[in-house]
Amino acid sequence: FNIIVKGYSGMPTGGDTISIVDGYRYHVFTTLGSANFTLNGTTTVTFLIVAGGGGTGWSEYHNGGGGAGGVVYGNQISKTAGTYAMVVGDGGSGASSYSTYGDHSGDDSTGFGYTAEGGGHGAIYGHPNMSSGGGAAKVGGSGGGGGGNAGPWAGASSNQSAYDNSTAAGNVIGYGNAGGTTTGHHGNASGGGGAGGAGTGITSNSVRGHGGEGVNMSSIFTTTWGENGWFGGGGGGCQQGNRSSSASRGDGGTGGGGDGGTGYSDSGNTNSASHGTDGTGGGAGGNERDFSVAGKNGGSGIIIVKYAV
């Protein structure tokens, strides 16, 4: 049988999954790289574009949380017939060695002419390059968190365009925030920024470097995707266990952010950090004394397009 879409001469095509929920058809893109979305007539679409989250440093010491991928939301945007390239960005890879200072930020996601910026990597601890060069927290859709010990270490800012900066119909808004800054000589590291809020900065040994919260899109795109409809949580910063008995690792922000790791002595870690969750753009958690283990990866992005049927 044929399903007739109001106002269309043919069905839109594209996406890894297509489903109908409460009168809307959803096209969801999760495969990394470019894929086509084709409209056969002028269509009013609502879309979500989420970039890959930032990765974090190798297992040695005091790594900041990765910034979440930028999130772009378009509310009831009229698009003409044609084929649109949808590009889903991967999360940034964790550093593979103590001295690896390459860019471990997430990849951009793009669609309909809009860009969600990849999340910045968390500060990668190493002597003496954490405050400059590749070891510094990286600017991104949400910025990476500052590292711990011998600070201050600045968190990185967001480079995500706000576009129209409105959620009203016919408008597009971009979400991203800065990573937290470590303001003194503390073993704990700061959290990465989230799409809905900045990462927590470390101001004392008892502060936990939580990743910034993501954005709750569940009322618009259901709870099926993301972390129950949340996207873009920042990664938690690490915690050096001997600094304070009351301190614990930084939690990842809601929306797929990875938790930070904890550790005390060179004998090894107490709790490993975790990766950002794929399909959310969550930032990775920062490692602490989890020896001979690569840094954690940011979560991959996602694109969701819906329209009335």
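The residues of the chain are indexed from 1 along the displayed sequence. All values derive from a computational prediction rather than experimental measurement.
N287 and K296 make their closest contact through OD1-CE, 3.6 Å (heavy atoms, listed as atom of the first residue, atom of the second, distance). The two residues S190 and G201 have their closest heavy-atom pair at OG-CA, 3.5 Å. Of all non-hydrogen atoms in S157 and A178, the two that sit nearest each other are CA-CB, 4.1 Å.
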Begin with the C-alpha distance, continue with both residues' side-chain angles, and end with the deciding distance and a verdict on side-chain hydrogen bond (donor to acceptor under 3.5 Å, both in side chains) for S105 and D103. CA-CA 6 Å; S105 300; D103 191 347; 2.7 Å; yes
Does T262 form a side-chain contact (heavy atoms from CB on, under 4.5 Å) with E288? I'd like the steps, not just the answer. CA-CA 5 Å; T262 65; E288 171 66 28; 5.7 Å; no
N216 and S218: CA distance, side-chain angles, deciding distance, side-chain hydrogen bond (donor to acceptor under 3.5 Å, both in side chains) verdict: CA-CA 6 Å; N216 183 0; S218 61; 2.7 Å; yes
Starting from the C-alpha separation in whole Å, work towards a yes-or-no answer on side-chain contact (heavy atoms from CB on, under 4.5 Å) for V28 and I302. CA-CA 7 Å; V28 181; I302 189 171; 3.8 Å; yes
Audit row: T115, D108, side-chain hydrogen bond (donor to acceptor under 3.5 Å, both in side chains) steps and yes/no: CA-CA 7 Å; T115 298; D108 299 345; 5.7 Å; no
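Remark: I173 CD1 to Y163 OH distance equals 12.0 Å, nearest 0.5 Å. Taking OG1 of T31 as the reference point, atom CG of D16 lies at 3.5 Å (rounded to 0.5 Å). One finds the CH2 atom of W225 at 10.5 Å from the CG atom of L48 (value rounded to the nearest 0.5 Å). Separating the CG atom in N36 from the OG1 atom in T83 is a distance of 5.5 Å, to the nearest 0.5 Å. In this structure, CG in N75 is found 11.0 Å from CG in D164, a value given to the nearest 0.5 Å. The structure places OG1 of T254 at 3.5 Å from CD of E213, a figure rounded to the nearest 0.5 Å.
Within the 4.5 Å cutoff, the side chain of V72 has heavy atoms near those of the V172 side chain. Side chains of S300 and D90 form a contact here, defined as non-hydrogen atoms less than 4.5 Å apart. Counting only heavy atoms from C-beta outward, the side chains of V21 and K306 never approach each other to under 4.5 Å. Two residues are said to be in side-chain contact when any heavy atoms from C-beta on lie closer than 4.5 Å; M11 and R25 meet this criterion.
In this structure, V50 is a member of the same hydrophobic cluster as M217, with clusters built from ILVMFWY side-chain heavy atoms closer than 4.5 Å.
Taking the six-membered ring where the residue is Trp, F37 and F29 present perpendicular rings, their angle passing 60° and hence far from 30°. Under the 30°/60° scheme for interplanar angles, the aromatic rings of F221 and Y73 are found to stand perpendicular.
Proximity of a side-chain donor or acceptor of T182 to a complementary backbone N or O of A189 within less than 3.5 Å is not detected. Formation of a donor-acceptor pair under 3.5 Å by the T44 side chain with backbone atoms of I77 is not found in this model. Using a distance-only test at 3.5 Å, with no hydrogens or angles considered, a donor-acceptor pair links the side chain of N188 to the main chain of V207.
Within a 6.0 Å sphere centred on CZ of F112, heavy atoms belonging to other residues, nucleotides or ligands number more than 12.
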